[in-house]
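Report on the following structure.
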Amino acid sequence: MLRAAITGIQGYVPDYILRNEELEQMVETNDEWIQTRTGIKERRILNQRGLGTSDMAVPAVNSLLEKKNISPSEIELVICATVTPDMQFPATANIISDKAGLKNAFGYDINAACCGFLYALTTAAKFIETGVHQKVLLVGADKMSSIIDYEDRATCVIFGDGAGAVLLEPDHEGNGIINSKLYSDGSGSTFLHQKAGGSVKPASHATVDAHEHYVYQDGRTVFKFAVNNMAEVAKQVMNESDLTPDNVHWLVPHQANKRIIEATYKQLNLNPDKVMVNIERYGNTTNATIPLCLWEWEDQINKGDNLILAAFGGGFTWGATYMRWSY
Ligand code: UT7
């Protein structure tokens, strides 16, 4: 059976480390509160002026192609999941293609907030499963620091910058993406959004003065939503695929809050050893959390391992994907 499988992965995080101690100097917060409530100790920030999301995606893409010994001209499609595109338009995928020399690829962006990587993965897989394309690049990348208000303690302690790139290719050995369940509910948009800069409220002096180009989040509501829905959709995917806690090798959860991750694996009856968690070092990098986990755990994942990827985010959006690792 023809399936789409991840055949390579690479991450990139900027060098600058923003530690909780530095945030204590910026807003009324403290290391103990941040660690207890979120599990985060530090996050990476792309702090050089004039650099954007594509500048993190491109090193990930270049290293991935080098690692796989693939010429840039072989890539047929690039999908970039991001909420912080380099510009409103054109798509950041096009900018990545240009900078990485992917001359034969078409590209577009997907915006599904923190669930974007799963939406993009599911979408990208269809181009492989239908036999239309053989080599598809998928990027999850966000420069969250470009839309975070470092005077708002409710959000600035959570987010960080980073990028991950994966290569999708056809698999005939029964590995690859087996099942995905994706959901969205636009009535949740009021709880997590960027108020201005879109067509409803274009940028103006007033929107800048009101800090409306930054992330707004009602944390408690989003927390409750996440705890209920991330586990529920993961359970649904597991049930449909006859997976039990025993034969799931890895849970790869979106890294938004350590307490949400813990609640999720407990509801799934999974052993914590099977759960990828790196939130303490990167915070919530939105579209990059899942690929950054896969990148860091790549050496520990074995061919044939059953992985459940699960995410939720602004929108609301949520979903889970079951894949069997191909290498
Ligand atoms: O991927 C995107 C999806 N987003 C998320 O997953 C975020 C989900 N939500 C969360 O992770 C949590 O709600 C937060 C980490 C954002 C907040 O944690 P919480 O335990 O829900 O705290 P809270 O908002 O209920 O606030 C508790 C208290 C409040 O003070 P009072 O009203 O009890 O006096 C806040 O003002 O903590 C205060 N507080 C802080 N204190 C120190 C809020 N932020 C901070 C802070 N430092 N950074």
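The analysis underlying the following values was restricted to heavy atoms, covering all of them including side chains, and did not include hydrogens, waters or symmetry mates. Counting starts at 1 for both ligands and their atoms, following the listed order.
The nearest protein heavy atom to atom 37 (O) of ligand 1 is closer than 4.0 Å. When distances from atom 29 (C) of ligand 1 to the protein are checked, no heavy atom turns up under 4.0 Å.
Listed by atom number, the atoms of ligand 1 under 4.0 Å from V157 heavy atoms are 48 (N). Per-residue contacts place N284 under 4.0 angstrom from the following atoms of ligand 1 (heavy atoms of the residue considered): 1 (O), 2 (C). Of all the atoms in ligand 1, the ones that sit under 4.0 Å from a non-hydrogen atom of F312 are 3 (C), 6 (O). Within ligand 1, the atoms closer than 4.0 Å to a non-hydrogen atom of H254 are 1 (O), numbered from 1 in the order shown. Close approach of ligand 1 to G219 is summarised as follows: ligand atoms under 4.0 Å from at least one heavy atom of the residue are 8 (C), 9 (N), 13 (O).
Under 4.0 angstrom from ligand 1, there are no non-hydrogen atoms of I34. Looking at C114 against ligand 1, only its side chain comes within 4.0 Å, counting heavy atoms. With a heavy-atom cut-off of 4.0 Å, T286 does not touch ligand 1 at all.
Under a 4.0 Å N-O distance rule, the pair R19/E42 qualifies as a salt bridge.
For N30, no nitrogen or oxygen atom sits less than 3.5 Å from a nitrogen or oxygen atom of ligand 1, counting backbone and side chain alike. The shortest N or O to N or O distance between V222 and ligand 1 is not under 3.5 Å. Residue-to-ligand polar distances keep T38 apart from ligand 1: every N/O pair is separated by 3.5 Å or more.
Protein heavy atom closest to atom 11 (O) of ligand 1, with residue, atom name and distance, is N257 ND2, 2.7 Å. Among protein heavy atoms, the minimum distance from atom 4 (N) of ligand 1 is reached at Q217 OE1, 2.8 Å. Looking from atom 22 (O) of ligand 1 to the surrounding protein, the closest heavy atom is R37 NH1, 3.5 Å. Among all non-hydrogen protein atoms, the one lying nearest atom 21 (O) of ligand 1 is R220 CG, 3.7 Å. The protein heavy-atom contact nearest to atom 46 (C) of ligand 1 is T29 OG1, 3.3 Å. With respect to atom 16 (C) of ligand 1, the closest heavy atom belonging to the protein is I158 CD1, 3.6 Å. In terms of protein heavy atoms, atom 43 (C) of ligand 1 is closest to W33 CZ2, 3.6 Å. Protein heavy atom in closest approach to atom 48 (N) of ligand 1: R153 O, 3.0 Å.
Taking 4.5 Å as the limit, some side-chain heavy atom of L121 sits within range of a side-chain heavy atom of I6.
With Q88 contributing its side chain and G197 its backbone, the two residues share a donor-acceptor pair below 3.5 Å. With hydrogens and angles ignored, the 3.5 Å screen pairs no side-chain donor or acceptor of R3 with any backbone N or O of D171. At distances below 3.5 Å, at least one donor-acceptor pair connects side-chain atoms of D86 with backbone N or O atoms of S54. Of the possible polar contacts, none joining the N111 side chain to the V83 backbone as a donor-acceptor pair under 3.5 Å is found. Of the possible polar contacts, one joining the N271 side chain to the D273 backbone as a donor-acceptor pair under 3.5 Å is found.
Between the side chains of T82 and N287, no donor N or O sits under 3.5 Å from an acceptor N or O.
For A196, the side-chain contact (heavy atoms from CB on, under 4.5 Å) partners at least two apart in sequence or on another chain are K201, T207, E212, H213. Under the side chain to side chain donor-acceptor pair (under 3.5 Å) criterion, K67 pairs with Q10, E298, not counting sequence neighbours.
Between H254 and C114, the shortest heavy-atom distance links the atoms NE2-CB, 3.2 Å.
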Test side chain to side chain donor-acceptor pair (under 3.5 Å) applied to Y183 and E232, step by step: CA-CA 12 Å; Y183 295 96; E232 199 48 48; over 6 Å; no
Worked verdict on D31 versus Q35 for side chain to side chain donor-acceptor pair (under 3.5 Å): CA-CA 6 Å; D31 176 51; Q35 286 207 46; 3.1 Å; yes
